[in-house]
Structures are given as structure tokens and as C-alpha cells.
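Please read all numbers here as calculations on a predicted model, not as lab measurements. Proteins come first, then strands; the chains are lettered A, B, ... in the order of their sequence lines, and each starts at number 1.
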There are 2 protein chains.
Amino acid sequence: MTSDAPARRVTIVDVARHAQVSTTTVSKVLRNATGASAAVRARVQHSIAELGYRPYVGARGMRGRTFTIGVMLPDIRNPFFADVLAGLTEHLHGTGYQVLHGTGRNGEDIEARVTEAMVDRGMDGLVLVAPISSGAHLERIARVVPTVVVGRHGRSTLYDTVADDDHAGAHLVVAHLVGLGHRHIALIDHRETDPVRLAEMPNAVRADGYRDAMRRHGLADEIDVVSTTYTHDGGYLGASQLLARPALPTAVFAGADIVAMGMLQALAEAGLSVPADVSVAGYDNTTIAAFGPVSLTSVDQAGQQIGGHAARLLLDRIADRGTPASHIKLTPTLVARRTTAPPRVSHPPIR
Amino acid sequence: MTSDAPARRVTIVDVARHAQVSTTTVSKVLRNATGASAAVRARVQHSIAELGYRPYVGARGMRGRTFTIGVMLPDIRNPFFADVLAGLTEHLHGTGYQVLHGTGRNGEDIEARVTEAMVDRGMDGLVLVAPISSGAHLERIARVVPTVVVGRHGRSTLYDTVADDDHAGAHLVVAHLVGLGHRHIALIDHRETDPVRLAEMPNAVRADGYRDAMRRHGLADEIDVVSTTYTHDGGYLGASQLLARPALPTAVFAGADIVAMGMLQALAEAGLSVPADVSVAGYDNTTIAAFGPVSLTSVDQAGQQIGGHAARLLLDRIADRGTPASHIKLTPTLVARRTTAPPRVSHPPIR
DNA sequence: CCGGCAGTGGGTAACGTTTTTCAAATGTGT
DNA sequence: ACACATTTGAAAAACGTTACCCACTGCCGG
């Protein structure tokens with residue numbers, strides 16, 4: 001009969017006693033190390049199973065390894081991050097590593113607390129997804145534990161990076177809209193003041209790509225950036241600002257799907273229809289974008305692949321911490337759906 | 001200048017040497033224990049700051065505590081779980097406990113691996129959100145580490161539970177639809193074969209509540225349950241099955257928002273409009289349900305509150321493992337939106 | 001027949017922290 | 001000035017695991 005007693009943990013000593021061998025031998029069996037005969041090995045395995053022994057990770061950690069990979073996610077609600085995580089765990093499945101994650105909640109102090117906590121827990125490797133911490137902080141972490149940074153453009157010799165080519169992604173969106181006949185294309189951007197982060201964060205690169213693409217299409221004069229935030233409310237606010245103007249742009253490039261959602265809501269409330277009155281494109285190709293009734297044109301970042309690459313790089317770096325840093329850049333693809341269409345009144349070609 | 005050297009961790013010994021005291025004294029300062037004068041305390045604090053010392057959790061764990069709370073989430077994509085997590089971390093903020101989570105991916109083996117991993121890492125407490133493991137497994141865990149189970153109806157003397165009253169929630173939906181004039185109300189259920197889980201899982205309780213409510217409204221003959229799964233595809237499939245019939249019900253109660261989404265997609269593809277042709281209600285009041293263009297009638301479970309309660313119970317249990325198990329049941333509320341309306345052809349009242 | 005070698009198993013010392021025990025120093029009341 | 005309580009700080013022993021080293025057994029070749 002099972003009892004309610006607090007139950008002391010079974011240790012390697014219990015197994016050793018039960019199998020009539022030394023703890024050293026049990027350890028050898030556990031690690032598949034040489035120096036144990038087949039007979040002894042079998043006896044120890046049997047004892048392990050019978051006693052239900054599981055190695056205590058804290059003690060293992062003191063000897064160097066915890067078989068744990070920590071993943072910092074900025075926000076658990078964004079489906080893109082879920083894709084990355086899925087790719088990661090998929091790749092790590094069967095390697096003996098356990099994935100645990102923590103949320104940075106898009107706050108620099110909270111994010112730092114999470115990453116520090118992972119270091120303090122002796123994790124063998126860290127994956128930081130779209131971190132907002134300073135580059136110096138990232139390097140401080142990477143110096144202590146093998147680290148891969150995902151979805152951020154800053155580089156370092158101390159950690160690997162996997163990111164999407166946001167510049168190319170922005171080009172895809174602009175080209176798609178121009179191809180439909182749009183000229184006045186606005187961008188909803190995430191306001192960023194910190195000069196260091198400015199260059200490294202995806203939103204900044206997307207904004208750069210947008211400006212560059214507009215210029216290349218001869219639309220330099222039409223560049224129109226509205227700065228809010230990469231949130232649902234930010235999209236709502238951005239749409240409100242556009243609606244307050246005398247004339248609406250014919251198309252809007254929202255820097256993230258979540259922003260596009262906020263816009264769609266504001267536009268619907270204002271009685272405008274999409275794409276008849278205005279085209280809207282997002283970024284990330286989240287599940288909700290693909291959802292039929294929404295059907296948002298978006299840019300797909302292949303989050304699952306990104307996660308897979310991150311896992312691979314991290315395993316390499318754990319195996320040999322001296323490997324030079326790799327920087328992988330994936331090419332995004334455009335998924336055209338029903339929120340983008342030719343403008344109602346087509347502008348006459350220039351000249 | 002910072003170097004690329006691997007950087008050895010600063011230990012309590014380094015701090016002790018720097019502050020010219022024993023490690024014991026440093027430990028006392030760290031834990032705010034008595035037995036250190038104000039002067040020494042200040043000196044140690046200064047050394048800690050100067051060296052950037054952080055206690056190594058693995059070593060602490062060997063002495064009993066890791067200041068870590070583990071949260072098992074079945075699925076990172078479901079916003080309801082994100083709400084629960086937010087409530088949890090909110091409540092735990094400032095307590096010195098760090099929250100780390102792992103995903104069970106709705107697989108019994110993967111879930112077991114995650115929970116075992118948390119135990120192996122010496123976590124101080126566990127929150128298991130909507131676990132699918134057997135009750136025996138849950139009790140085995142709870143015997144080793146303080147545990148709170150969220151969103152599941154089975155009870156035990158070994159762990160606390162926090163759950164929503166799914167029976168009442170189903171009543172709310174049926175009452176709402178009946179109030180609008182519906183009689184033929186179908187339920188999309190999650191098929192469950194395991195007899196033990198059958199009674200404990202939320203979907204089963206919702207189905208029970210639905211049947212009970214239908215009977216109380218004199219609609220026993222109209223009870224109509226379609227069994228698929230609680231996924232987007234499950235909703236799509238359920239809708240397809242209904243569409244294959246000669247006559248559609250006038251309203252459908254999808255057991256979860258994600259199921260409702262799949263249904264909406266299938267109905268839209270079939271050229272039917274909601275709520276004109278058929279009313280649809282969900283469950284969970286996820287973010288996407290509230291999203292304007294979707295505007296799904298749903299049942300709100302107050303995930304944030306649930307998480308808060310779970311955190312509180314867990315802290316109590318950690319403080320005193322002997323406390324008798326609490327079982328909290330929260331009352332859900334209905335959020336009526338635009339996917340439910342009176343049926344097109346109102347049935348005449350009975351008799 | 002002896003020296004070396006491969007293979008097997010065990011003893012022991014870490015790893016970084018907290019807890020327990022104890023001695024010294026300080027203060028307090030006659 | 002003396003006994004005695006109290007405070008302060010240190011030494012040492014755990015916690016569970018692994019890595020390093022050593023001892024022992026057969027066995028092979030010279």
C-alpha cells in the first residue's frame with residue numbers, strides 16, 4: 001500500500017548497496033562508461049529499475065553537467081515563438097537534454113532575471129529568443145554558458161545567432177503591394193529609442209528594409225512611418241492615427257501580425273473594409289493570420305526551422321565551446337492572402 | 001577590457017576571502033540569518049556586489065532548496081494557459097522564487113518526462129496545468145514535492161487543486177442559447193477513452209454539464225454530441241460531420257475556443273454565415289475570441305485568477321507540507337458576442 | 001617463467017552551499 | 001574584580017554525483 005509519508009529520494013548509494021557494487025560502478029553504468037562488465041551492468045540496471053532510481057540533477061550539476069537547455073521567450077502568447085520552441089524541442093528530442101523555458105515578458109529587468117536564473121541553475125546551454133537585453137549583457141551570459149541568440153541581428157564572437165532576413169522580408173511586402181498597384185504604403189513601426197538596440201532589433205531592420213524597398217521602387221516620397229509599438233494596442237493606435245488624417249494610405253505594412261490585428265479591429269470599427277478600402281499586410285505568419293476568417297497576408301519566418309538550427313548550433317557549441325560563432329540567416333517567404341488587393345482607385349503611372 | 005576566457009564562477013569562498021570572513025558568515029548574510037553584526041554584514045554585501053557573486057543553485061539544492069517553481073503546461077499555444085501562467089508569475093513576483101516551465105505537448109510520456117525532470121532538478125514546488133497523466137502518477141509526484149493541479153477535476157489528499165466549474169460553464173452556454181430561442185443545440189466534444197481520466201478532465205465535465213442543462217430545459221431529446229478532439233482540426237472535422245447531415249442544428253457549443261475556430265473556418269468555406277445560419281459558442285475566452293472580426297461568444301475562466309490561487313496554495317504548501325489539501329472551484333462567466341443570435345426560423349414554444 | 005597489458009571494480013577527493021557545533025569575545029550584574 | 005549570559009564568527013560535516021587514480025585479475029608473447 002502506498003503511504004502518505006514524505007518519501008526520501010533514492011540515491012546512487014541505495015542502488016550500489018542493492019546491486020552489491022560500489023557507487024563508482026553504478027555511475028559508470030549510468031553514463032555508459034567503460035569499466036563495467038556486462039554481468040555487473042545488468043545487475044545494476046536491474047537494481048535501478050527495481051528501486052526506481054533517478055539521478056539527482058543538482059548533484060550532477062556540481063560535477064559539471066545538468067542536461068538542461070534553458071530557453072528564454074519574450075512572450076508566451078506570440079505563436080511565432082511557439083514555433084521556434086517546437087523546432088527546438090523537436091531537434092533536442094532523444095538527446096538526453098531537457099528543455100525548460102522562462103518568460104522575459106519584454107522587460108529588460110525581468111529578462112535579465114530569467115537568464116541569470118538559468119545560469120545560476122547550471123544549465124548546459126541557453127537559447128535566447130528575441131532578447132531585448134544589451135549586447136554587453138548577452139556577451140556576459142555567453143561567456144559563462146554556451147548560448148545561441150535567435151531573432152536578433154547583432155553579432156558577437158561569443159554566441160551563435162539564427163535570424164530571419166527581415167530586410168528581405170520587408171522587401172517582399174513592399175514588392176507585393178507595389179505589384180498590386182499601391183504607391184502610398186505606410187509602415188507601422190515599433191518605436192525604439194536605445195541607440196544600441198536600434199540596429200539589432202528585427203523591427204528596425206524591417207523598417208530599414210521598407211525604406212530601402214520604397215526607394216528602389218521609386219517611391220521615396222511616399223515613405224510614411226507611423227511609430228507605435230509591436231502590440232495589439234499599438235496596431236489599434238497606429239490605425240487611429242492614420243484615420244485622423246485627411247487621406248488614408250492605400251496600403252499599410254504592419255511590422256508584426258499582432259499589430260495588423262489591432263489595425264483590422266480599428267478599421268472595422270471605423271466602418272472601413274479590408275482590402276476594399278485599404279490593404280493590410282503583417283509579418284510572422286502566425287496561426288491567427290492563417291485562420292480563414294482573418295486571412296492576413298503575412299511574411300513567413302519558418303519559426304520551426306529557426307528553432308531546429310538553434311538547437312543544432314547549441315549542441316555543437318556545447319560539444320566544443322571553442323568553435324567560432326556561426327550566424328545563420330534564413331530567407332523569409334511571402335504568404336499572400338485576402339487582406340491585400342489592388343487599390344480601389346488606381347493611381348496613374350508617374351510621368 | 002573583457003576577455004574571451006571561459007570565466008570561472010565566483011563562489012562563496014571568493015566572497016569570504018575578499019571580505020575577510022568565513023564562508024559561514026557570508027552564508028548568514030545571504031540568507032538574512034542572525035549571527036552577523038551590521039558592520040560585517042555591510043562588508044560582505046559590498047564584496048558580493050564588487051565580485052558580482054551569485055549563489056549557485058545546484059549547491060543550494062543539495063542542502064534542500066532551489067527557489068524554483070516548475071510549471072507544466074500542456075500546450076504553449078493556448079492563450080488560456082498563458083493567462084494562468086501570468087497570474088502565477090505575478091503572484092510569485094518578489095517572493096524570491098523563479099518560475100520555469102516545460103511543455104507536456106498533450107502527450108502522456110512527454111508530460112511525464114517533463115514532470116520527472118522538474119523533480120530531478122529539485123524544484124521546490126510544481127504547478128501542473130491540465131495534466132493528462134494518471135491520478136496515480138500525479139500522486140507519486142505530489143508525494144515527493146509540493147504540488148498544485150490546475151484545471152482538472154480529480155481530487156487527492158496529496159495535492160491542492162484549482163479548477164473552473166466547467167459544469168456551471170456549460171450550463172451558462174446552454175441557458176444563453178436557449179434564451180435566444182435555440183432548441184437543437186449540438187456539442188463538439190473531445191473523445192476520451194480512458195475511464196479514469198474520463199471523469200477528471202474538463203471536457204468530460206463540460207459534456208456532462210451540457211447534457212444536464214439540456215435536460216433541465218426540457219430538451220433531453222435534442223441532446224446531440226459530436227466527438228472529435230479539442231483542436232482546430234477537431235473543430236473543422238466536427239463541422240464537416242454536421243454539414244454532411246440532412247439538417248444542421250441551429251446552434252453549436254464548441255467545447256473550446258480553438259474548436260470553435262476550426263468550426264468557423266469550415267462553416268465559412270461551406271458558404272454559411274454565422275450567426276445567421278448557425279450560432280457558435282466557444283469556451284475559454286481566449287484573446288482570439290475577443291478579437292473584433294472574430295467576436296466569438298465564449299465562457300471566461302479567469303485564467304489569471306486561477307494562476308494566482310495556484311501560486312498562493314503552493315506557497316502555503318511549501319511552507320507547511322502537512323496542510324490538508326484545498327480544492328478551489330471558480331465560477332466562470334459568459335461573454336456574449338456576435339457569433340450567437342436567435343435562430344433564423346424561431347421554433348414555436350412547446351405545448 | 002616472467003613482464004607487461006587490457007579489462008574490471010573500488011577508494012577518495014572534489015564540486016558550492018547550508019547547518020550544526022563550538023570557541024572566543026563581548027557585555028552585564030553583583 | 002568575578003561569574004555568567006549573549007553575541008559573533010569559524011570549523012567541520014553533510015548533500016549526491018563524477019573523475020581521477022590505483023589495485024587486482026587473467027592472459028599473452030617472449
Parallel, tilted or perpendicular, as decided by the 30° and 60° cut-offs, for the rings of B/Y97 and B/F67: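 Geometry flag for B/Y97 against B/F67: tilted rings.
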
Looking at [N], I'd like to know if its phosphate oxygens (OP1 or OP2) sit under 4.0 Å from a side-chain N or O belonging to [X].
| X | N | value |
| --- | --- | --- |
| B/Y56 | C/dT18 | no |
| A/S37 | C/dG9 | yes |
| B/S22 | D/dA10 | yes |
| A/R31 | D/dA19 | yes |
| A/R60 | D/dT18 | yes |

Under 4.0 Å between any heavy atoms, over every strand shown, what does [X] touch: base, sugar-phosphate, or nothing? Just pick one.
| X | answer |
| --- | --- |
| B/V57 | nothing |
| A/A36 | sugar-phosphate |
| A/R65 | nothing |
| B/T24 | base |

Nearest listed nucleotide, side chain of B/T11, among D/dA10, C/dT17, D/dT17: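 The closest nucleotide is C/dT17.
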
Nucleotide nearest B/S27 (side chain, heavy atoms from C-beta), chosen from D/dG16, D/dT18, C/dT18: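 So the side chain of B/S27 is nearest to C/dT18.
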
Base of D/dT18 paired with side chain of A/R63 (donor-acceptor, under 3.5 Å):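 Looking at the base of D/dT18, it does pair with a donor or acceptor on the side chain of A/R63 (distance under 3.5 Å).
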
Taking atom [atom2] of [N] as reference, at what distance in whole Å does atom [atom1] of [X] sit?
| X | N | atom1 | atom2 | value |
| --- | --- | --- | --- | --- |
| B/I12 | C/dC15 | CD1 | P | 14 Å |
| A/M62 | C/dG16 | CE | P | 6 Å |
| B/D14 | C/dT17 | CG | C1' | 13 Å |

Contact nearer the 5' end of DNA chain C, comparing A/R41 with B/L30: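 Upstream on the strand: A/R41.
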
Heavy atoms from other residues, nucleotides or ligands near CD of A/E90 exceed 12 (cutoff 6.0 Å):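 12 or below, so no.
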
